[in-house]
Amino acid sequence: MTATTAKGGCLCGGVRYSAEVTAQMSVCHCDVCRRWAGGPMMAVHPTSPAAVEGDTLTWFRSSDWAERGFCNRCGASMFYRLVEDRENIIIAAGGFDDPAVFKGFNREIFIDEKPEFYAFTGDRPRLTGAEALAEFTAEYYGDSTGSLEQSA
Ligand SMILES: [Zn+2]
Ligand SMILES: [Zn+2]
C-alpha cells in the first residue's frame, strides 16, 4: 500500500508528529483503550518510525508490555507503543491534521470487549481479544506461546 507523509499533533500544539502512513487504520475496542481514549482507539500504524517532538509529551505505562503517550497540558490521547519496541509508535487517528488521508479500517480487534452502544458498519475481520493477542504474540515472539495474556 502506498504511504504518504501525514502530520498531526495534540489539541494545544505542545506535541507534534510526522509519520509515513497508509490510508488504512485498525480499531481496538478493548477496555483499556476505551478508558484511555474515551472510546474505541482508531489506530494508525506508520510504515516507519514516526518523528515526534514536544515537551508536554508524557508516557503512561498501561500494562506490563505497553505505554501510552499523552499531552500533559491539554490531555490529548495520542500514542501507543510496546516497551520492547519504543521506536515504533501507533498513533490515534483523530490527531492528524488532515483526517481525509484515512479511508477506512482494515480490521477491528477486541470485538468481544466492544460496548453495545456503538458499532462500525462494513465487512472486515473482527478479532476477539484472544485471537488478536495470539496473532501479536506470534508476530512478536515467532510462535504462539509468548507472554501476552491480558488485554492490551
Ligand atoms: Zn497538548
Ligand atoms: Zn485496546
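Note that the coordinates shown come from a computational prediction; the quantities given were computed from them, not determined experimentally. FYI, the numbering just counts along the sequence from 1. Both ligands and their constituent atoms are indexed starting at 1 by order of listing. The analysis underlying the following values was restricted to heavy atoms, covering all of them including side chains, and did not include hydrogens, waters or symmetry mates.
- For the pair SG of C71 and SG of C74, the angle whose vertex sits at the Zn ion (ligand 1) is 110° to 10 degrees.
- Closest approach of F110 and A132 over heavy atoms only: CE1-CB, 4.4 Å.
- Within a 6.0 Å radius of CG in D55, no more than 12 heavy atoms belonging to other residues, nucleotides or ligands are found.
- Rounded to 10°, the angle formed at the Zn ion (ligand 1) by SG of C12 and SG of C10 is 110°.
- Here C33 meets the criterion, with an N, O or S atom under 2.8 Å of the Zn ion (ligand 2).
- In summary, the aromatic rings of F70 and F60 are positioned with their centroids too far apart to meet the 6.0 Å limit.
- Vertex the Zn ion (ligand 2); arms to C30 SG and C28 SG; angle rounded to 10 degrees, 110°.
- Residue E20 forms a side chain to side chain donor-acceptor pair (under 3.5 Å) with just one option from T47, T4, T5, and that option is T5.
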